[in-house]
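Chain identifiers are assigned alphabetically (A, B, ...) following the order of the sequence lines, protein sequences preceding nucleic acid strands; residue numbering begins at 1 within each chain.
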2 protein chains.
Amino acid sequence: MPKETFFNLPDEKRALIEATAVSEFATHGYDNASINRIVAGAKIAKGSFYQYFHDKKDVYKHLMARIAEKKLDYISPVLQNPGDYDFFTLLQAAYRSGLDFARENPQIALIGNQVFKHRDHPIHQEIFKEGQDAGKAFYEQLLRLAIARGEIRPDIDIPFVIHILNTLNVATFEYYFESIKGNDFNMTEIDDDVMDTVDLFIDFIKNGIGTP
Amino acid sequence: MPKETFFNLPDEKRALIEATAVSEFATHGYDNASINRIVAGAKIAKGSFYQYFHDKKDVYKHLMARIAEKKLDYISPVLQNPGDYDFFTLLQAAYRSGLDFARENPQIALIGNQVFKHRDHPIHQEIFKEGQDAGKAFYEQLLRLAIARGEIRPDIDIPFVIHILNTLNVATFEYYFESIKGNDFNMTEIDDDVMDTVDLFIDFIKNGIGTP
DNA sequence: AAGTCACATGACTCAGAGGTCACATGCCGA
DNA sequence: TCGGCATGTGACCTCTGAGTCATGTGACTT
């Protein structure tokens, strides 16, 4: 938790610090992010930074909390009643809301990617120790339900498929970011295409790439 | 290229240095790998290290070259005549030879993982600048051939599928390593299971996880 | 025995990291 | 006007990184 001083700051200043820190962590990852660069970017003194936060970990955790908070706003209504929809509809909704989030908060989505990419890193293990297991448990529940309903083949290796689905999540975002990078960061233009790709992608998970 | 001095070294010493460096890069990645730790581990002076290599990049590139060399030995005969087999057989062969390699050279496979994980890192861009494009081109060729033969649905987004297949490659290895980690590094025991998983996995790519 | 040459060595430089601290500034109530 | 207290500041600390260099060593030549 940041120190009280940080929360007493004028909103604008606080926002600038957070934004600068987000950008730093997004582009360099946790280990290579530099407090010096953050304070320079946010135009505050190093000493001030340490009046706001206990240490590097502290900012990072705070940002993660803020991000998680923000991400909640994007969770589609579909995902709030998982029992009412079939597995692939849920998956599609998850991807779509994820991409919506990424489109509107590209920096934050980049951090999300870093987190997934380095989910074995001690700091992430620490922050998401229960979160990860809970996520897997939720996924597992969904898969079992889908199998019971006959939506998914019963012969799949559940832990393996969970891992794959997680990874594909990252892969899709990476693809998305690479696309917009190649496109001179012109996001709005490519967005609809990517959204279409999601549908194709869900179809791929469902039916494979082989001919029927 | 390492300096001549390095190649004049007795085989044993050279091997020790290489092994130590491999292990360092495998566990810490390029940025966080420490020359100090390498020289300590290999029991040579820092100065000696710089008599062998120009700089950090130099060792790394050398190791990559050695690894690529070694990996060639594992390429299955199936993959050497890609025209003679259907796409999924090729994919299966690729995964199997990859896992064979990982089983017998776990440290090196870990580096391979690092490379894939950080394929956007400047050093990897530099090392594999043509290699990556060539790989993608090869994949693309295979996919087009497979589509022409009617093995793969013609409506797939080729670049996207290439990206996905690449990512899944890493995902499989990560899963493999996580499994053996949980199993106290007892590899031989789990190996056959993992090989079975590959078959299931290929099937998943071909037919998806949905019910037919 | 003297000289040469390849290799070995670790103390050193400089840069940048995260984090600290003595002091400056400015606002607010008395 | 003054004291007190929250906030701001940047020089400074220690640590570790990559990379350098003057010097040492030992084998082989002449």
Side-chain angles (χ1 to χ4, degrees), chain A residues 1-18 20-64 114 118 121-123 126-127, chain B residues 1-18 20-63 114 118 121-124 126-127:
Chain A
M1 273 266 290
K3 302 180 182 176
E4 216 189 304
T5 319
F6 180 64
F7 296 107
N8 294 339
L9 250 37
D11 288 1
E12 207 179 315
K13 190 168 185 178
R14 210 172 55 229
L16 175 62
I17 294 171
E18 286 181 351
T20 312
V22 162
S23 156
E24 177 68 17
F25 285 114
T27 49
H28 297 91
Y30 180 76
D31 280 338
N32 296 328
S34 155
I35 306 290
N36 287 326
R37 275 195 298 258
I38 293 178
V39 299
K43 296 195 187 352
I44 57 171
K46 190 100 168 261
S48 299
F49 180 90
Y50 283 95
Q51 298 246 0
Y52 306 148
F53 305 103
H54 296 285
D55 50 26
K56 196 180 183 180
K57 207 153 77 171
D58 192 28
V59 220
Y60 196 65
K61 282 187 177 180
H62 170 64
L63 293 180
M64 288 302 167
Q114 297 270 8
H118 304 116
H121 191 293
I123 184 104
E126 188 183 331
I127 300 180
Chain B
M1 274 265 292
K3 301 181 183 177
E4 217 188 304
T5 319
F6 180 63
F7 297 107
N8 294 339
L9 250 35
D11 288 1
E12 207 178 317
K13 189 169 183 177
R14 210 172 53 232
L16 175 62
I17 293 171
E18 286 180 352
T20 312
V22 162
S23 155
E24 176 69 16
F25 284 113
T27 48
H28 296 91
Y30 180 76
D31 280 337
N32 296 327
S34 155
I35 306 291
N36 287 328
R37 274 196 298 257
I38 293 178
V39 300
K43 293 193 190 350
I44 58 172
K46 187 109 172 248
S48 301
F49 180 91
Y50 283 95
Q51 298 246 6
Y52 306 148
F53 306 102
H54 296 284
D55 50 25
K56 195 179 182 180
K57 207 153 76 170
D58 193 28
V59 222
Y60 195 65
K61 282 186 178 180
H62 170 65
L63 294 180
Q114 298 271 8
H118 304 115
H121 192 293
I123 184 103
H124 296 138
E126 187 183 331
I127 300 180

Rounding to a whole Å, what distance do you find between A:Phe7:CZ and D:dT7:P?
13 Å
d(OH, B:Tyr30; P, D:dG17) in whole Å:
15 Å
Could you give the CZ-to-P distance, from B:Arg37 to D:dG19, as a whole number of Å?
15 Å
Counting just side-chain N and O atoms, does A:Thr5 come under 4.0 Å of either OP1 or OP2 of D:dT7?
yes
Would you say B:Tyr50 reaches D:dT20's phosphate, i.e. side-chain N/O to OP1/OP2 under 4.0 Å?
no
Residue pair A:His121 / A:Asp31, side-chain donor-acceptor N/O under 3.5 Å:
yes
Give a yes/no on whether any side-chain N or O of A:Asn36 is located under 4.0 angstrom from OP1 or OP2 of C:dA17.
yes
What integer distance in Å separates A:Lys3:NZ from D:dG8:C1'?
13 Å
What class does the angle between the rings of B:His118 and B:His124 fall in, given that below 30° is parallel, 30 to 60° is tilted and above 60° is perpendicular?
parallel
What does the list of N/O pairs under 3.5 Å between the protein and nucleotides 9-11 of chain C look like, with a distance for each?
unit_1	atom_1	unit_2	atom_2	d
C:dG10	N7	B:Gly47	N	3.4
C:dG10	O6	B:Gly47	N	3.2

To the nearest 0.5 Å, atom CZ of A:Phe7 lies from atom CE of A:Met1 at 5.5 Å
To the nearest 0.5 angstrom, please state how far the OH atom of B:Tyr60 sits from the CD atom of B:Gln114.
7.0 Å
Can you check the A:Lys56 NZ to C:dT20 C1' distance for me, whole Å?
17 Å
If I take atom CD from residue B:Glu24 and atom CG from residue B:Asn36, how far apart are they, to the nearest 0.5 angstrom?
9.5 Å
From C:dG18, D:dG19, C:dC7, pick the nucleotide closest to the side chain of B:Asn8?
C:dC7
How many whole angstroms separate atom CG of B:Asp31 from atom C1' of C:dG16?
14 Å
Would you say that more than 12 heavy atoms from the other residues, nucleotides or ligands in this model lie under 6.0 Å from the NZ of A:Lys57, or not?
no
In whole angstroms, the gap separating P of D:dG8 from CZ of A:Arg14 amounts to 12 Å
When rounded to whole Å, the CG to C1' distance for the pair B:Asn32 and C:dG16 reads 14 Å
Would you call the rings of B:Tyr30 and B:Phe25 parallel, tilted or perpendicular, where under 30° means parallel and over 60° means perpendicular?
parallel
